[in-house]
Amino acid sequence: MRNLLRGFIVFSALACAVSLSAQTADEIVQKHLAAIGGKEAISQVKSISMETSVQIMGNDAPSKTVIVNGVGYRSETEFNGSKMVQCYTDKSGWMVNPMTGSTDPAPMPDDQYNAGKAQIYVGGALYDYAARGGKVELLGKDATSYKVKLTANDNTETVYVIDATTYLVKSVLGKGKMQDQDVDITSTFSDYRKTDVGYLLPYSIDVNLGGQFSLSIAVKKVELNKTIDPAIFAMPKPAPTPATVQPASAEKPPQ
């Protein structure tokens, strides 16, 4: 009887191990999509408009974000009397960053654009990743989380830490630049809430840029499927510099 019991325990342990190893990265992603409402709920969201509060260096900065699915993403943040803008489309990105000493819109560097362009998609970068040329890989699992790496079609790599119980994304790890230096960017998500169509969004986001800079975002208001003019995603032309008027030269009186 003892040997039979021991054999049953070993068999059960092996069965659990096989079951665990059989769960692929794609299956984990599909469970994540189901956890945030499922493809049916996600497909009902054509646009998202959010009002948020951003804590930057101890200051509260009001911010607005607009997403039109597959078309564009735009965020505007008021900080110290200036407006910071980040905008992504399916083709390119641009920004206004007064911290660089300029208030004119400028094209976004390719690496920054590639790191953030998936924000134009409702459901996030993991939604329909294969259709956009991406692939996923299971990096590992600990007691509470899975680590899934997404490699986009431009070879940009992002690691998603997904809760092993809820299948909600706990954090996202990627690369970026700060003052022309490469930094690791970690975004942590919490306080998920359900929208009217059943789609879940995180209402609390903490962003850490390599330990050099951090900010916290609190979502205050969410509206779905508002009509958004896609023209807001086009980069405006810089304001023309006033031409310097040269004084008319005095004519010499005839001799």
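The figures that follow rest on heavy atoms only: side chains count, while hydrogens, waters and symmetry mates do not. Keep in mind that this is a model prediction, so the values were computed, not measured.
We find that Lys149 and Glu137 are joined by a salt bridge, their nearest charged nitrogen and carboxylate oxygen being less than 4.0 Å apart. Ion pairing between Glu76 and Lys83 holds under the 4.0 Å rule for side-chain N and carboxylate O.
In the model, Thr65 has no side-chain atom that pairs as donor or acceptor with a side-chain atom of Ser75 under 3.5 Å. For the residue pair Asp26/Thr24, the side-chain donor-acceptor check at 3.5 Å is not satisfied. In this model, a donor atom of one side chain and an acceptor atom of the other lie less than 3.5 Å apart for Ser216 and Asp206. Inspection of the Gln23 and Lys31 side chains reveals an N or O donor paired with an N or O acceptor under 3.5 Å.
Interatomic distance, Leu168 CG to Tyr160 OH, rounded to the nearest 0.5 Å: 14.0 Å. Between the NZ atom of Lys117 and the NZ atom of Lys91 there is a distance of 12.0 Å, given to the nearest 0.5 Å. In this structure, CG in Asp154 is found 11.5 Å from CZ in Arg132, a value given to the nearest 0.5 Å. Atom CD1 of Ile48 is separated from atom CG of Leu201 by 5.0 Å, given to the nearest 0.5 angstrom. Between Glu157 atom CD and Lys135 atom NZ the span is 8.5 Å, to the nearest 0.5 Å. In this structure, CZ in Phe233 is found 10.5 Å from OH in Tyr73, a value given to the nearest 0.5 Å.
Side-chain contact check for Ser63 versus Thr52: some heavy-atom pair is nearer than 4.5 Å. With a 4.5 Å cut-off on side-chain heavy atoms, Tyr192 and Tyr203 do not count as touching. Inter-residue side-chain proximity for Val207 and Thr186 is flagged as unmet; no heavy-atom pair is nearer than 4.5 Å. Counting only heavy atoms from C-beta outward, the side chains of Ile120 and Thr89 never approach each other to under 4.5 Å. Counting heavy atoms from C-beta outward, Gln112 and Met95 have side chains that approach closer than 4.5 Å. Residues Tyr146 and His32 have side chains not in contact (no heavy-atom distance under 4.5 Å, counting atoms from C-beta outward). The shortest side-chain heavy-atom distance between Leu200 and Lys194 falls under the 4.5 Å cut-off. Contact of the Lys39 side chain with the Leu33 side chain is registered, since non-hydrogen atoms from C-beta on lie closer than 4.5 Å.
Crowding of Lys170 atom NZ: a count of heavy atoms from other residues, nucleotides or ligands under 6.0 Å exceeding 12. By the neighbour-count criterion of 12 heavy atoms within 6.0 Å, atom CG of Asp60 is densely surrounded, having more than that number from other residues, nucleotides or ligands. For Asp111, the CG atom sits in a packed shell: over 12 heavy atoms of surrounding residues, nucleotides or ligands are nearer than 6.0 Å.
Met50 and Val85 fall into different hydrophobic clusters, defined by Ile, Leu, Val, Met, Phe, Trp and Tyr side-chain heavy atoms under 4.5 Å apart, directly or through other members. Hydrophobic cluster membership differs between Leu215 and Leu173, with clusters built from Ile, Leu, Val, Met, Phe, Trp and Tyr side chains linked at under 4.5 angstrom. Linking Ile, Leu, Val, Met, Phe, Trp and Tyr residues whenever their side-chain heavy atoms come within less than 4.5 Å places Tyr167 and Ile42 in a single cluster. Hydrophobic clustering keeps Val68 apart from Tyr121 (ILVMFWY residues linked when any side-chain heavy atoms are closer than 4.5 Å, directly or through intermediates). Both Tyr127 and Ile205 are part of a single hydrophobic cluster, where members link through side-chain heavy atoms under 4.5 Å apart.
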Test side-chain contact (heavy atoms from CB on, under 4.5 Å) applied to Asp90 and Val71, step by step: CA-CA 6 Å; Asp90 59 338; Val71 176; over 6 Å; no
Candidate pair Thr156 and Thr151, rule side-chain contact (heavy atoms from CB on, under 4.5 Å), full reasoning: CA-CA 6 Å; Thr156 300; Thr151 304; over 6 Å; no
Derivation of the side-chain contact (heavy atoms from CB on, under 4.5 Å) call for Val172 and Thr158: CA-CA 7 Å; Val172 175; Thr158 310; 3.2 Å; yes
Candidate pair Lys46 and Asn69, rule side-chain contact (heavy atoms from CB on, under 4.5 Å), full reasoning: CA-CA 5 Å; Lys46 307 304 179 186; Asn69 189 33; 5.5 Å; no
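Remark: side-chain polar atoms of Thr166 are not paired, donor with acceptor, to backbone N or O of Asp163 under 3.5 angstrom. Arg74 contributes no side-chain N or O that, together with a main-chain N or O of Tyr88, makes up a donor-acceptor pair within less than 3.5 Å.
Minimum interatomic distance between Thr144 and Asp142 (heavy atoms only, all atoms of both residues): N-OD1, 2.9 Å. For the residue pair Val136 and Ala25, the shortest heavy atom distance occurs at CG2-CB, 3.7 Å. Pairing each heavy atom of Ile36 with each of Gly123, the nearest pair is CD1-O, 4.2 Å. Residues Ala118 and Ala125 come closest through the heavy atom pair CB-CB, 3.5 Å. The minimum heavy-atom distance linking Pro105 with Met235 is given by the pair CB-CG, 3.8 Å. Closest approach of Lys141 to Ala164, counting heavy atoms only: CE-CB, 4.2 Å.
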